K.L.:
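Before we start, here is the structure in question, set down as structure tokens.
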Amino acid sequence: MSRTVLTAVPGPWESDLVTTVEGTDGYAVVRRCADLPDLLAAAAAGLGEVALVSADLRALDRAALHELTQHSVLVAGVVAPGDEMGERRLRQLGLEVVVVADTPAPDLQDRLDELTEGAGTGLSPDDEPPPEELPAADPDAEPGRVLAVWGPTGAPGRSTVALNLAVELASRAPTLLVDLDTYGSSQAQALGLLDEAPGVAAACRAADQGTLDLPALARLAPEVGGGLRILTGIPRAHRWTELRAPSVAHVLTLARQLVRFVVVDCGFGIEDDEELSYDTIAPRRNATTLTTLEEADELVVVGAGDPVGLQRLVRGVQDLGVVPTPASRVVVVNKVRAAAVGSHPERRISEALGRFAGMDDVVFLPWDPAAVDGAMLAGTSLAEHAPQSPLRRAVTSLADRYAAQPVSRRERGRVRLGR
Ligand SMILES: Nc1ncnc2c1ncn2[C@@H]1O[C@H](COP(=O)(O)OP(=O)(O)O)[C@@H](O)[C@H]1O
Ligand SMILES: [Mg+2]
């Protein structure tokens with residue numbers, strides 16, 4: 001039995017390509033789709049096993065390719081003879097098999113066999129961008145590590161910790177701070193940057209469209225001094241749909257090659273609305289946080305050191321148990337003060353967390369409104385505004401944990417971009 005093929009190839013060589021497919025032994029065109037929506041509908045209806053898509057197919061992006069793979073459709077790219085730009089774009093979108101439109105039937109058959117007999121989905125795994133898109137790689141460079149800074153609702157200080165941890169790490173090695181809190185981004189303002197900065201929305205859009213490579217990411221994530229780069233967040237929460245899981249994952253993958261530390265300020269929500277819906281393709285409200293938690297190497301959980309904050313922390317850590325997260329985890333209790341929990345607050349909190357939640361490795365950050373308010377007002381970090389403050393010192397020793405760690409050889413070398 002032939003494998004069923006869907007084509008979505010608007011160019012003038014579409015009919016020749018269909019004839020070529022018909023000339024193969026194992027493949028038959030079952031539908032010639034007029035456009036991308038037509039293709040996605042055919043895939044959703046289970047009509048095809050393989051899709052041929054061309055570089056000039058309107059609105060073709062990473063999310064669409066991901067959707068095709070969700071419907072178990074293997075995708076191959078098609079380009080006009082000599083269209084190197086088109087081929088490059090399709091490969092940057094992650095397609096492993098790209099054929100030239102005038103390929104003769106036996107060769108086309110070989111390439112499609114390659115696609116259908118390989119174990120994968122036709123999309124390259126996201127940790128291996130094609131080598132041609134990288135500037136001169138430094139083979140000795142260690143890969144970047146992704147630190148997810150997460151915490152429950154109630155403003156425990158996720159953003160304060162993420163920013164200041166990133167600043168401390170940046171003083172040791174190139175670091176990128178990514179604001180992925182889609183409920184309430186804040187890093188642009190904390191650093192006195194314009195809200196209109198392109199930021200993470202532009203990076204995800206470029207990832208979607210297959211135009212995000214290292215130089216593009218470096219342009220979108222400007223240096224703000226002290227070895228720190230930033231990808232600012234979405235200025236309005238309703239724009240969360242712009243940040244889809246596959247593009248967030250791609251941004252983080254490239255970021256590992258750009259810098260040594262990637263610190264992500266995550267939104268609090270981790271419930272997965274996929275369970276509420278039969279539509280597995282719809283954008284998921286908490287996809288950014290869930291994707292970050294899944295991709296990250298290190299998890300920093302931030303809770304507030306008052307009774308409500310501590311209870312949310314314990315429940316939050318329980319909730320984390322049902323989603324993929326890094327094995328390496330540090331619990332940070334912030335805003336620690338006797339007024340909220342009684343005398344010897346660190347000892348009390350340690351005892352409570354140890355007893356009720358089995359947490360023994362807890363880092364404490366003191367209540368220090370003068371330092372954080374002053375830094376926020378000045379649009380800068382604790383390191384710059386209040387370098388001697390107890391809070392800054394505590395963040396420094398938290399950073400020491402990560403800066404001192406040996407790096408696994410699991411990932412490939414990071415790339416230096418003329419810094
Ligand atoms: N250690 C601290 N001492 C005093 N105030 C703090 C401390 N950490 C954070 N804050 C303040 O708490 C508020 C919430 O912090 P933020 O980092 O924005 O929380 P989140 O990102 O979790 O919503 C901010 O006004 C911040 O200045
Ligand atoms: Mg925040």
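Whatever order the structure lists them in is the order used to number ligands and atoms, beginning at 1. Basis for what follows: all heavy atoms, side chains included, without hydrogens, waters or symmetry-related copies. This structure is a prediction, so every number in the text was calculated from the model and none was measured.
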K.L.:
Check whether any side-chain heavy atom of Asp113 lies under 4.5 Å from a side-chain heavy atom of Tyr27, and answer yes or no.
P.N.:
yes
K.L.:
With side chains defined as the heavy atoms from C-beta onward, is the minimum distance between Leu231 and Leu220 less than 4.5 Å?
P.N.:
yes
K.L.:
Quick one: does Pro366 get within less than 4.0 Å of ligand 1, heavy atoms only?
P.N.:
yes
K.L.:
Looking at non-hydrogen atoms alone, which of Ser159, Pro390, Gly151, Pro152 comes nearest to atom 18 (O) of ligand 1?
P.N.:
Ser159
K.L.:
Quick one, Leu365 and Val336 - any side-chain contact, counting heavy atoms below 4.5 Å?
P.N.:
no
K.L.:
Heavy-atom contacts with Gly157 under 4.0 Å: which atoms of ligand 1 show up? List them by number with element.
P.N.:
15 (O), 16 (P), 17 (O), 19 (O), 20 (P), 22 (O)
K.L.:
How far is atom 3 (N) of ligand 1 from its nearest protein heavy atom, and which residue and atom is that?
P.N.:
Asp368 N, 2.8 Å
K.L.:
Please test Thr291 against Leu180 for side chain to side chain contact (heavy atoms under 4.5 Å, CB included), starting from the C-alpha separation and ending with a verdict.
P.N.:
CA-CA 10 Å; Thr291 303; Leu180 275 177; over 6 Å; no
K.L.:
Between Thr160 and ligand 1, which residue portion shows a heavy-atom distance shorter than 4.0 Å: side chain, backbone, both, or neither?
P.N.:
both
K.L.:
Are side-chain heavy atoms of Val314 and Leu310 found at a separation under 4.5 Å?
P.N.:
no
K.L.:
Can you confirm whether Arg337 is buried at CZ, in the sense that more than 12 heavy atoms of other residues, nucleotides or ligands lie under 6.0 Å from that atom?
P.N.:
yes
K.L.:
Run the numbers for me: atoms of ligand 1, each under 4.0 Å from some heavy atom of Leu391, listed by number.
P.N.:
1 (N)
K.L.:
Are Thr153 and Tyr183 close enough that a side-chain donor and a side-chain acceptor fall under 3.5 Å?
P.N.:
no
K.L.:
What protein heavy atom lies closest to atom 23 (O) of ligand 1? Include the residue and the distance to one decimal.
P.N.:
Ala155 CA, 3.2 Å
K.L.:
Are Pro345 and Trp367 side-chain neighbours, meaning at least one heavy-atom pair lies under 4.5 Å?
P.N.:
no
K.L.:
When you measure from the heavy atoms of Asn334 to every atom of ligand 1, does any distance fall below 4.0 Å?
P.N.:
yes
K.L.:
Quick check: Asp265 and ligand 1, any N/O pair under 3.5 Å apart?
P.N.:
no
K.L.:
Does an N or O from Arg158, backbone or side chain, lie closer than 3.5 Å to an N or O of ligand 1?
P.N.:
yes
K.L.:
Tell me whether Lys335 reaches ligand 1 (any heavy atom closer than 4.0 angstrom to a ligand atom).
P.N.:
yes
K.L.:
Is there a side-chain contact between Thr292 and Thr289 in this structure, where contact means two heavy atoms from C-beta onward sitting under 4.5 Å apart?
P.N.:
no
K.L.:
Around atom 25 (O) of ligand 1, find the nearest protein heavy atom and jot down its residue, atom name and distance.
P.N.:
Asp373 OD1, 4.9 Å
K.L.:
Is it the case that Arg260 places NZ or CZ above or below the six-membered ring of Tyr402, under 6.0 angstrom from the centre and within 45 degrees of the axis?
P.N.:
no
K.L.:
Checking the N or O distance criterion of under 3.5 Å, is ligand 1 in contact with Val372?
P.N.:
no
K.L.:
Does Pro369 come within less than 4.0 angstrom of ligand 1, counting non-hydrogen atoms of the residue?
P.N.:
yes
K.L.:
Verify the distance test for Thr160 against the Mg ion (ligand 2): any N/O/S atom under 2.8 Å, yes or no.
P.N.:
no
